[in-house]
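In what follows, a single structure is set out as structure tokens and then discussed.
Below, read A as the first sequence line, B as the second, and so on, with proteins coming before strands; counting in each chain starts at 1.
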Amino acid sequence: MEYNFLRIEEKWQKYWIQNNIYKTDIDASKPKYYVLDMFPYPSGAGLHVGHPLGYIASDIYSRYKTLRGFNVLHPMGYDAFGLPAEQYAIETGQHPEITTEKNIKRYREQLNKLGFSFDWSREVKTCSPHYYKWTQWAFIKMFDSYYCNQAQQARPISELIEIFAQKGTQNLNLACSKELHFTAEEWQAYSEKEQQEILMNYRIAYLADTMVNWCADLGTVLANDEVVNGLSVRGGYPVEQRKMRQWSLRVSAYAQRLLDGLETIEWSESIKETQKNWIGRSEGAEIKFQLHPNTDADSLVVFTTRADTIFGVTFMALAPESEYVAKVATPEQKSAVDEYIAATRKRTERERIADRKISGVFSGGYAINPFSGEKVPIWISDYVLAGYGTGAIMAVPAHDSRDYAFAKHFGLPIIPLIEGCDVSDESFDAKEGIMINSGFLNGLTVPEAIKKAKEYISDNALGVIKVNYRLRDAIFSRQRYWGEPFPIYYKDGMPYAIPEDELPVILPEVDKFLPTETGEPPLGRAKNRTYKGLPFELNTMPGFAGSSAYYLRYMDPHNEEALVSKDANEYWRDVDLYVGGTEHATGHLIYSRFWNKFLYDLGIVVEQEPFKKLVNQGMIQGCSSFVYRINGTNTFVSYGLKDKYATTELHVDVNIVNNNILDVKRFKMWKPEYETAEFILENGEYRCGWCVEKMSKSLYNVVNPDDIVVTYGADTLRLYEMFLGPLEQSKPWDTKGIDGVHRFLRKFWRLFHHGDTFYISDEAPTAAELKILHKTIKKVRSDIESFSFNTSVSAFMICVNELTDLKCNKKAILEPLTIILSPFAPHIAEELWHLAGNATSIVKASFPEYDDNLLIENSFEYPISFNGKTRFKMEFPLDADPELIKERVTADPQTQKFMSDKQLKKIIVVKGKIINIVLSN
RNA sequence: GCGGAUAUGACGUAAUUGGUAGCCGUACUAGAUUUAGGAUCUAGUGUCGAAAGGCGUGUGGGUUCGAGUCCCUCUAUCCGCACCA
């Protein structure tokens, strides 16, 4: 019987479902292993061959771990809230829930065809009220918590209220939006509303007027990771900075722990580096500069990492948005300052990035250098960022390229501070050299000077030593429909949380999904929607809300009493292996870690880090094909002849191209306009051009896994995607090689079939056959453990080639082989396993052990080299006495030919093998 | 500008981690079989050379008996951050 993959795959997929083969429960008798894929957003386009790459890898690993005796949790679900479904709803009027359900169904069908071992009983959907109840619940917990910097921990806000009532803000070190100071008496005298406003300053989920990324075209604000180069990641619309009252999460409070945690997890260096950059820790000092003339004793605080360069400060610079501007600007300069600020406000961030023109205005005010006592002018310029540090800097043009450019432009003085540096053309930014012109710092090296200057600052109370982070709080509200509603209502203009036992707050029906350009959320259209007569929050939560704790929900997905039960969490703990793309490095993977740490602080979860090991699969790119139309005609010229004509390059559907040869008949049928197309061929064929680019519908290079499954089967697709190259590398999809992998499966099948009948022998295997088997077990096992799935596939091919040469169809070889193949090609393995007489699923088998003794060679062909150059080989038994080998080698006529008059210097022996014989010259 | 990664036949890749470079698969060549093949099987395939042999892992150098692998230089490509003081 030929290898009928369609019949086999259908049969076993049905069997697995009917017998609940992949259902997982807590089992204290086995060690747990949690394998997680980044759950997909179910888009309307369905899956292409690139999507399952990571799922296949994680499935192989899950199946392997199961065979190794682990209790494996391997769930799947959908990140179902989000913009595309909503955009589609706006266009068609169709409710996003309907399109989302439809897409989910399609995804599920496609995934099932690939033979994954997901436990579907644990499926989660972020848009389901049973799920988002817990997203809302976590939000309330954040609303009801503050962050204590001393304890480095989130704590209940009720505790903070008590502290305020007892001793005010004295000796507190809290994460906050703004430093506040009050006494216990003052606290008690505040009104309810005033107290709520103060608490808002400390809540981990807080409402505040903040500068946000406003995207008018999407009608919503966006988080920093959703904006690239001043454009929205989704849609590419311009984004401007606006002050709006928005919910935020105090992620910045966790900056140091997010940084430290990276040292404890097995992630790739590059993604850890990306997160380190994003968190952006920098050590420095905040220095106070007195204003001159001394207006109401206020001082200007700046942040710097280069306290050593303070003697070179020749001006100060403020961000245009800075609160200092109003305090510093003199009446004479006021109109110029106002004009400048109005001009910068008009420019979007994108414009500011696009043309970095140097601009600025003198404020009229001065500051006093606390080290030298000198008076320096205060300028206002948009090269200073309002959002970083204090929004004000001390400018040292000699040693900072931005300050240098500004000083040159406005003719401000430049004082070099490092011996021998030349600042006539550019600044000297390097942190090396000996200090000059720097008072008591003269003669020190830069690192010494930084240290000494910092000591001087704290000893003389000129400022504080401080660590700054680039990481911002996450803006958490979106003026959109298709997201989690906030469990918040307003009383007296202040937000209050809905009681936990009244969750979830259901997403209401509305007649139109469109947001307004001014930022009125669509939930405002819902009728009769109040909480005990009080208005609800109308914003919804962003996409990352639902994906931040989904890995916890899988542990206990049907629990209505808790996000996850204590028992389930203590058993499953954390994700052992997380597989997904790098695109979430500064979004989901930061937010999830933050969310988890917050829940850890509250004692809800037992692990500090959610994802122990992270593997980033590469992208599978498309391989586009082109045809060349002669301009102004409907004639197409083959690739090799195209330069003789003026042609236009057009994308052509890769599914009607084979090995770069166009199927001319199908091309004519592809689009009506090509029906009458004519062709100029070379050697009777039409050759297409090609290139590698993103796999996308519009480029006609999408390969649908369903098509591959029909022609080759899911097992071939799985093996082939792994065989394509290392998992973490991006690579183009190229259907050319798939035949080779398919051939391997057929060969394997035929090995155990005689004509149409299954045929295996009960004979005992020979030493040679056992060696092949054990070699393969060993190789496959170590390859899976190091995620080198491509080389394991090669190992299988070699194994089958060798067994075919020996015509070995023995049961004792077949059974272990099918087991180790089953993670890769579960259907064919299961079929052969049953044909061999096993009644239970191969999933219940255990991964065979290998015997190293069977692998040891009893002789070895030693390379005999002279001064590094291999000249010939000699065969010796493995455990031969080195002295004996030496004797035989030196006596060998071939050796003597090379030795001539030279002396034998030494014999290099590695692991009992002669590697080289060295002669003196 | 700062940081990370990568570079091996015509192509995708492999190399016991410092020890016979090119496994496996494509593609290609020749042959067998078949009514036919986009099926199957056999042999060959880094490069120069008739052969002996030489040369070969982006560039140039170094360490070593021995380097794709370790160190330094340069080049190219990809990725992250970027007016972050």
| request: Determine: side-chain N/O of A:Tyr388 to OP1/OP2 of B:A85, distance under 4.0 Å, yes or no. | output: yes
A:Trp733 CH2 to B:C11 P, in whole Å, measures 21 Å
Please work out which of the three classes, parallel, tilted or perpendicular, describes the rings of A:Trp379 and A:Phe406, given edges at 30° and 60°.
-> perpendicular
Atom CG of A:Asp734 and atom C1' of B:A10 are separated, to the nearest Å, by 13 Å
Taken to the nearest whole Å, CZ/A:Arg743 to C1'/B:G37 is 13 Å
Those residues at least two apart in sequence (or on a different chain) that pass ring-ring contact (aromatic ring centres under 6.0 Å, His included) with A:Phe744 are none
Of the listed B:A14, B:G25, B:A85, the closest approach to the A:Pro726 side chain comes from B:A14
When rounded to the nearest 0.5 Å, the distance separating OH of A:Tyr388 from CZ of A:Arg470 is 9.5 Å
query = Within the pair A:Ser282 and B:A85, is there a side-chain N or O less than 4.0 Å away from OP1 or OP2?
reply = yes
Mind checking whether A:Val376 and A:Met394 have side chains closer than 4.5 Å, heavy atoms only? no
Of the candidates B:G25, B:A85, B:U42, the side chain of A:Asp805 sits closest to B:U42
What residues 269-278 of chain A contributes to the RNA chain B interface at heavy-atom separation below 4.0 Å is A:Ser270, A:Glu273, A:Thr274, A:Asn277
Of the candidates B:C83, B:U26, B:A85, the side chain of A:Lys736 sits closest to B:U26
What residues 308-319 of chain A contributes to the RNA chain B interface at heavy-atom separation below 4.0 Å is none
Do A:Arg593 and A:Trp267 form a cation-pi contact, if we require the NZ or CZ to be under 6.0 Å from the six-membered ring centre and within 45 degrees of the ring's axis?
yes
Of the listed B:U42, B:A14, B:G25, the closest approach to the A:Phe723 side chain comes from B:G25
Point to revise | Below 4.0 Å: OP1/OP2 of B:G25 and any side-chain N or O of A:Asn790 | key: no
To the nearest angstrom, the CD-P distance between A:Glu721 and B:G12 comes to 18 Å
By nearest-nucleotide position on RNA chain B, the 5'-leaning member of A:Ile798 and A:Gly725 is A:Gly725
Rounded to whole Å, CD of A:Glu321 lies from P of B:C83 at a distance of 14 Å
The ring-ring contact (aromatic ring centres under 6.0 Å, His included) partners of A:Phe667 (sequence neighbours excluded) come to A:Phe636, A:Tyr674, A:Phe679
A:Lys807 atom NZ is separated from B:C41 atom P, nearest whole Å, by 12 Å
Regarding the side chain of A:Asp382, the nearest nucleotide among B:C83, B:A85, B:A14 is B:C83
Applying side-chain hydrogen bond (donor to acceptor under 3.5 Å, both in side chains) to A:Thr716 and not counting sequence neighbours gives A:His742
Plane angle bin for A:Phe748 and A:Phe752 - parallel if under 30°, tilted between 30 and 60°, otherwise perpendicular = perpendicular
Regarding the side chain of A:Ser794, the nearest nucleotide among B:A39, B:C24, B:A14 is B:C24
Rounded to whole Å, NZ of A:Lys775 lies from C1' of B:C24 at a distance of 12 Å
Residues at least two apart in sequence or cross-chain that pass salt bridge (Lys or Arg N to Asp or Glu O under 4.0 Å) with A:Lys731, listed by chain then number, are none
Can you see if the side chain of A:Arg746 gets near the phosphate of B:U40 - specifically, an N or O under 4.0 Å from OP1 or OP2? yes
From CZ of A:Arg470 across to C1' of B:C2 the rounded distance in Å is 13 Å
